[in-house]
Undergrad: 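This is the structure, below, for whatever I ask next.
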Amino acid sequence: MSDTTPVLIFDDVRHRYGQAVAVDGLSLTVGVGEVVCLVGPSGCGKSTTLRLAAGLETLQHGRVSIGGRVVAGEGRSLPPEDRNTGMVFQDFALFPHLKVIDNVMFGVRGKDAADKRKRAERILDHVGMARYAQTFPHELSGGEQQRVALARALAPRPALMLLDEPFSGLDTQLRDSVRDDTLSILAEAGTPALLVTHDPREAMRMADRVAVMRSGRLAQVGPPADIYGAPASLFVARFFGHVNELRGTVQANSVETPLGRLPTTEPALGAAVTVGIRNEGLFLGDTGVPATVLSARVLGPYSVVELVLADGTTVTAHVPGTAPPGPDDKVNVDFDRAQAFVFEEE
Ligand code: ADP
């Protein structure tokens, strides 16, 4: 395996439960040192995909390779313990009757108990949990339990980490710091990861690349900035935040929308399109079209203003500051052409 061979490769993976298709021809890689977040609405097939990599589900079609080896497919199906992966689940799955050190030792391979203990101590130190070695899981906070689960999964030096909604069980207050800690622990260990989440913000925050899934297929794969800034479909755009959707028809190199003209060269002349503009892509000022404020809410970092245009179209804008215009105020609303996306109607 060369240094650039992906650590995990899904190749045309399909999976059904009875007649129901859960994963439908998925091809995806996780590269060396990379964190890929598989994100999508509930039931789109994320967990099944992860379980197929882990060997918790038997592969029905396609191929899965880990660390340069086919682990499932081509007539082969290695058991989970032979796949060189570490797993962390939402509920952490720590053994309640074992102390922290024994939970972590459980993950360490080898026969020599002293060596195993040393390795477990080192990895606990690595995740900042050395002083809790003699503690039982129930005596720890959620964030601490998550670290122990991570330590146990990292103990055998897996080629790849598989994480299924690993932060869902934590309080929102704690989640961001645990997410950041997890990333730095993975980076220090040099362990790539496939992380499943239903939370678009978590995916944006954690991922080197985001893989957006819809109905068993990949809707788009790319760095967070591309997924957010250049969504491939209205589905992807909507998944990452509210989008104002304006219908129009492509005329000579532009689309006429209720908010004004948008230059475009992509869809063919005459094509029916939806122009999607995120709330922060709209702004109030001296340019644009007249609108009336319906409502405004101050959220702190910005305010959310609902507007109605002359033709009855309603749009939502995020405006900076804590002093937005009030209901019935007359304003002008314009949009940033760079933050407007044109989608052909599905
Ligand atoms: P996600 O993780 O995105 O929520 P899953 O991979 O858990 O999605 O599920 C994908 C689809 O497969 C869903 O429609 C779900 O109901 C179905 N499914 C998942 N596990 C099973 C199972 N063990 N038996 C039958 N259907 C299942």
Side-chain angles (χ1 to χ4, degrees), residues 8-30 34-66 71-73 77-80 83 85-93 146 149-150 153 160-170 172 175 178-179 182 186 192-222 224 227-228 231-241 346:
L8 171 66
I9 305 172
F10 290 104
D11 194 0
D12 195 20
V13 165
R14 295 159 199 229
H15 199 82
R16 287 170 186 260
Y17 296 102
Q19 288 305 302
V21 177
V23 182
D24 190 10
L26 178 134
S27 295
L28 178 70
T29 62
V30 176
E34 194 180 36
V35 174
V36 174
C37 287
L38 198 52
V39 70
S42 178
C44 72
K46 305 178 295 292
S47 285
T48 301
T49 303
L50 193 91
R51 293 167 60 82
L52 285 166
L56 299 174
E57 206 70 65
T58 306
L59 189 73
Q60 298 168 350
H61 182 280
R63 193 171 48 190
V64 180
S65 308
I66 295 171
V71 297
S77 182
L78 297 185
R83 293 194 178 197
T85 59
M87 287 209 65
V88 176
F89 300 95
Q90 178 178 344
D91 59 4
F92 313 132
Q146 210 271 357
L150 201 56
L160 173 74
M161 284 293 280
L162 299 169
L163 305 113
D164 195 351
E165 300 277 2
F167 312 112
S168 299
L170 304 174
T172 35
R175 234 178 263 167
V178 178
R179 281 171 182 149
T182 301
L186 289 172
L194 181 66
L195 187 152
V196 160
T197 176
H198 65 278
D199 179 349
R201 280 174 310 160
E202 179 165 292
M204 296 284 291
R205 187 182 180 109
M206 300 284 296
D208 296 308
R209 280 189 308 141
V210 177
V212 187
M213 224 174 151
R214 177 190 197 183
S215 309
R217 295 165 178 260
L218 288 176
Q220 191 172 357
V221 183
I227 298 283
Y228 193 81
S233 62
L234 205 44
F235 170 82
V236 172
R238 282 180 189 146
F239 192 71
F240 289 88
E346 290 180 13

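Atoms within each ligand, like the ligands themselves, are counted from 1 in listed order. We're numbering straight along the sequence, starting at 1.
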Undergrad: Which ligand 1 atoms are under 4.0 Å away from a heavy-atom of S42?
TA: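 Every atom of ligand 1 under 4.0 Å from some heavy atom of S42: 4 (O).
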Undergrad: Looking only at heavy atoms, what is the nearest atom pair of L26 and V23, with distance?
TA: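 Heavy atoms of L26 and V23 come nearest at CB-CG1, 3.7 Å.
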Undergrad: What protein heavy atom sits nearest atom 27 (C) of ligand 1, and how far away is it?
TA: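 Answer for atom 27 (C) of ligand 1: Y17 CD1, 3.2 Å.
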Undergrad: What do you reckon, is CZ of R217 surrounded by more than 12 foreign heavy atoms closer than 6.0 Å?
TA: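 12 or below, so no.
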Undergrad: Would you name the heavy atoms of L163 and A193 that are closest together and state the gap between them?
TA: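 L163 and A193 have their closest heavy atoms at CD1-CB, 3.7 Å.
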Undergrad: Hey, is atom 16 (O) of ligand 1 under 4.0 Å from any protein heavy atom?
TA: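 No, there is no protein heavy atom closer to it than 4.0 Å.
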Undergrad: Between ligand 1 and P41, can you find any atom pair, the residue atom being a heavy atom, that is separated by under 4.0 Å?
TA: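 Flag set, P41 near ligand 1.
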Undergrad: Please identify which atoms of ligand 1 are closer than 4.0 Å to at least one heavy atom of T48.
TA: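 So the answer, numbered in order with elements, is 5 (P), 6 (O), 9 (O).
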Undergrad: Closest non-hydrogen protein atom to atom 2 (O) of ligand 1, residue and atom name please, with distance?
TA: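 Protein heavy atom with the smallest distance to atom 2 (O) of ligand 1: S47 N, 2.8 Å.
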Undergrad: Which residue and atom name correspond to the protein heavy atom nearest atom 8 (O) of ligand 1, and how close is it?
TA: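 Scanning the protein heavy atoms, the shortest distance from atom 8 (O) of ligand 1 goes to G45 N, 3.2 Å.
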Undergrad: Where is the tightest heavy-atom contact between L38 and K46, given as atom of each residue plus distance?
TA: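 It is O-CD, 3.6 Å.
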Undergrad: For the residue pair E34 and V36, what are the closest heavy atoms and their distance?
TA: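 So the two residues come closest at OE1-CG2, 3.5 Å.
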Undergrad: Does C44 come within less than 4.0 angstrom of ligand 1, counting non-hydrogen atoms of the residue?
TA: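 Yes, that is the case, since the closest heavy atom of the residue is under 4.0 Å from the ligand.
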Undergrad: Do any non-hydrogen protein atoms sit less than 4.0 Å from atom 11 (C) of ligand 1?
TA: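 Protein heavy atoms within 4.0 Å of atom 11 (C) of ligand 1 - there is at least one.
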Undergrad: In terms of atom number and element, which parts of ligand 1 are under 4.0 angstrom from non-hydrogen atoms of G43?
TA: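 The atoms of ligand 1 under 4.0 Å from a heavy atom of G43 are 1 (P), 3 (O), 4 (O), 8 (O), 10 (C), 11 (C), 13 (C), 14 (O).
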Undergrad: Return the minimal non-hydrogen interatomic distance between F239 and H198, and the atom names on each side.
TA: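 For F239 versus H198, the nearest heavy atoms are CZ-O, 3.7 Å.
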Undergrad: Measuring from non-hydrogen atoms of G40 to any atom of ligand 1, is the shortest distance under 4.0 Å?
TA: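 Distance cut 4.0 Å: G40 fails for ligand 1.
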Undergrad: Working to the nearest 0.5 Å, report the span between CG of D24 and CG of L218.
TA: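 Output value for this atom pair is 10.5 Å.
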Undergrad: Numbering the atoms of ligand 1 from 1, which are under 4.0 Å from a heavy atom of A22?
TA: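 Those of ligand 1 that fall under 4.0 Å from A22 are 10 (C), 11 (C), 12 (O).
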Undergrad: Parallel, tilted or perpendicular for H15 and Y17, by the 30°/60° rule?
TA: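 Plane angle over 60°, so perpendicular.
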